[in-house]
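A short write-up of the structure that comes next.
The shown structure was predicted, so the numbers you read here are calculated from the model rather than taken from an experiment. Convention: sequence-line order gives letters A, B, ...; per-chain numbering from 1.
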Protein chains: 2
Amino acid sequence: MTSTSGTRRSMTRRTASLPSHGREHNLALVLQHLYAQGPMSRADLSRASGLTRVTISDLVTELMSRGHVIELGTSNASRPGKPSILVDINRKGLQIIGVDLADSAVMRAAVMDLDGNVLTRVELETNDEKGEAATAQVIDLTGQAIAAATERIIGIGVGTPGIVNNDGLILTAPNFGWTNVDLHREIHERFSLPTHVLNDADGAVMGEHTFGNGSAHMMLVKLGRGVGCGTLVNGVRVRGANAASGELGHVIVGTDQGPLCICGKHGCLESWVSIPSIRRALAQRPEGISPEEHRAKIMQQAAERLGIVLAPIVSVLDIQDLVIAGPARFVDDQLLAALQETITARTNASQRPNFTVQLSENPDDIVLRGAAVNVLFNELGVA
Amino acid sequence: MTSTSGTRRSMTRRTASLPSHGREHNLALVLQHLYAQGPMSRADLSRASGLTRVTISDLVTELMSRGHVIELGTSNASRPGKPSILVDINRKGLQIIGVDLADSAVMRAAVMDLDGNVLTRVELETNDEKGEAATAQVIDLTGQAIAAATERIIGIGVGTPGIVNNDGLILTAPNFGWTNVDLHREIHERFSLPTHVLNDADGAVMGEHTFGNGSAHMMLVKLGRGVGCGTLVNGVRVRGANAASGELGHVIVGTDQGPLCICGKHGCLESWVSIPSIRRALAQRPEGISPEEHRAKIMQQAAERLGIVLAPIVSVLDIQDLVIAGPARFVDDQLLAALQETITARTNASQRPNFTVQLSENPDDIVLRGAAVNVLFNELGVA
DNA sequence: AATGTTTGTTAGTAAAGTTAACTAACAGTC
DNA sequence: GACTGTTAGTTAACTTTACTAACAAACATT
């Protein structure tokens, strides 16, 4: 029973840890506390983080020299001891550029502060431009947003439809006719600013997680021209083996056929619940049924179909929060209720006592804010 | 447009990084390289890890003092320079106890080496014991396995049905009538050895990932009395918000009703594809159809139903490898083919060019080996 | 005014990595 | 057979990072 000479193919290959990595980790930790809890003293940070006051002082000094942290002056709390000096993330002195390419009719960009508030918007109506023309539009719009910034920019975040790999290379984005477009490089070379590109639904889930409602085990479904989703497992974005995670639109729902989809299959989710599909269904009202009744039926159907596809995912991943983002005209409390009902009925719901189905807090800006979160995360280690 | 005074509820709260954490990380890194690539010299380790020879020497010294690494003597490769001294993980001097509670008829335990080879087995036939009687049986069997070990034991790994939280507390395990049973504490206090308890399907996916086939984006579906699954996302186990991930058996399949399930719903996956359900369906052969034909039809149906539930998950997570574990009598290449066919037909398969559906390499020992991997991971940082 | 508390800094130490330089042991060449 | 070059592993000194201990500054309370 000799043991096999060990040539395992276990894939986990971490990299060596140098002292400086720990340092970066702790710098990010300080920023995280400040970001989440607001202004506090070095002594507060020490208590919150477990690091000593000496170390915190050193970290804060470095963060101030980087411009990421500022002193706000002494706190005026009346209590014994030397008054503390409040420090905070440099909320007013740092800005983020967000670019949202999710809408097929209009490209949107914005200057945002660190809290995800939109300070200035710029938009550009498109005429279905493809390829390099679309790329040029993105660059142009980004430049406009950069020009509108009033403070130092820590980075540019882009949320785009399509499949985006870890390096910001857009493998495919049918809307813009992009194949292997290195949008990261294009933007970075043009503006020499840290740039982070990700899928729009992935951005949305990060934005909702940080700025809206949603735990570390959440999923955000985005209803628009298509149907996409972003997923967090234990607070970490699911990317998938081919960076193609979130593909939901062309999954077939149910076992009873369904409408013909543009992809050639029958009964794809997109053919049931994408906004164009819903509009189409609403327009085809049979005789002898009131508009209200018809609408209720169509929306009920859409919610059920969405629930049928989501139920296995919610159950297997033990998702806590399901957030739906889409036009308020269609995505409303009624839809949520029918959706939750369907998922509950089709799974062992008692094992997920705190499961929620919610609307996105700010569906219009969710991609912009998500793109900002991605910048925050990559540049400051925050979020 | 003043920014909101930042009280974000972003959940990510890491802990401070001390220099010693980096040290442990690097110690684990050395073990990982040895484990994956087999015996090598300190200089080899230095090249592979990026750390200097000096540091590697220091790490190896510490690992030898812990008994985790041994020197194998000089290599006899004929080349210029001082001959190297090969070091390796102490494969022969360390053993792992694995316990598999997945089968409802027999509890199984084993002494294993670091490569997951079973050296000695012990088994215990059960008579549907519940509660503390079942716990006592587990303790008894574990004790027998420990007695059979011939080398130092680095830990005990247990794979059990039911919902197991991060601390080894079994929240519910209907098979044994367990509710909030702290199996980790019971075993640890009795034997004073590092103990790690996890769900059987979670163990199985870890075992398959390390010892069998499967990438960092994989899913293992275990067909037995019920239907469960374990999922790896980016090489990390999915646990879920309530530690309840992997619940697959009581998800409803399709939109055409289906058999009544013991849970009260109609058309649960378990009522289609659990082994008892398949047996039942096979037994109910209508007149005028040959046994072979009937069997083919039933198995085709089971594969399709499984595929219908898995398709959304595979698509949304962008799973690379789907592994099915179950009795060879039913889980065969034919089932796989029908399953892959169904998933491909119901999703946008072109986005997952390397998607595979496979049989488990060693379905009988997969839980034992998975439990061992869990011990390896937690005690040595390997796998 | 004396006492106690709290903050932030200074000084020195321990841990864990680095570079530079060394010894040991081999193959190949003149 | 001595010399040269190569490779492995170790020793020594330095750098980074966090720690503990001690201190001065600035406040409230007695």
Of the nucleotides [options], which has the atom closest to the [X] side chain?
X	options	result
Val54(B)	dT20(D), dT5(C), dA12(D)	dA12(D)
Arg53(B)	dT20(D), dT10(D), dT17(D)	dT10(D)
Ser84(A)	dG8(C), dC19(D), dG9(D)	dG8(C)
Lys82(A)	dT9(C), dA26(D), dG17(C)	dA26(D)
Leu51(A)	dT7(D), dT20(D), dA18(D)	dA18(D)

Measure from [atom1] on [X] to [atom2] on [N] and round the result to the nearest Å.
X	N	atom1	atom2	value
Leu86(B)	dA8(D)	CG	C1'	12 Å
Leu29(A)	dT17(D)	CG	P	16 Å
Leu59(A)	dA18(D)	CG	C1'	9 Å
Arg79(A)	dT3(C)	CZ	C1'	18 Å
Met64(B)	dG9(D)	CE	P	11 Å
Asp58(A)	dT10(C)	CG	P	11 Å
Asn76(A)	dA26(D)	CG	C1'	15 Å
Met40(A)	dT7(C)	CE	C1'	14 Å

For Ala372(A) against Met112(A), the heavy-atom pair lying closest together: CB-CE, 3.7 Å
Which comes earlier along DNA chain C counting from the 5' end, the contact point of Ser17(A) or that of Ala43(A), where each point is its nearest nucleotide? Ala43(A)
Which residue, Leu18(A) or Glu71(A), contacts DNA chain C at a nucleotide closer to its 5' end, judged by nearest heavy atom? Glu71(A)
OP1 or OP2 of [N] sitting under 4.0 Å from any side-chain N/O of [X]?
X	N	result
Arg23(B)	dG17(C)	yes
Arg47(B)	dA8(D)	yes
Ser20(B)	dA15(C)	no

Applying a 4.0 Å non-hydrogen cut-off, can you work out what [X] is touching in the nucleic acid: base, sugar-phosphate, or nothing?
X	result
Asn26(A)	sugar-phosphate
Thr52(B)	base
Ile85(B)	sugar-phosphate
Thr55(B)	base

So do the side chains of [X] and [Y] get within less than 4.5 Å of each other, counting heavy atoms only?
X	Y	result
Glu71(B)	Ser41(B)	no
His196(A)	Ile156(A)	no
Glu24(B)	Leu27(B)	yes
Val87(B)	Leu45(B)	yes

For Pro80(A) and Glu24(A), take the nucleotide of DNA chain D holding the closest heavy atom to each; which residue's nucleotide lies nearer the 5' end? Glu24(A)
Comparing Gly81(A) and Gly50(A) on DNA chain D - which has the more 5′ nearest nucleotide: Gly50(A)
If you count the non-hydrogen atoms of other residues, nucleotides and ligands that lie under 6.0 Å from CZ in Arg152(A), is the total more than 12? yes
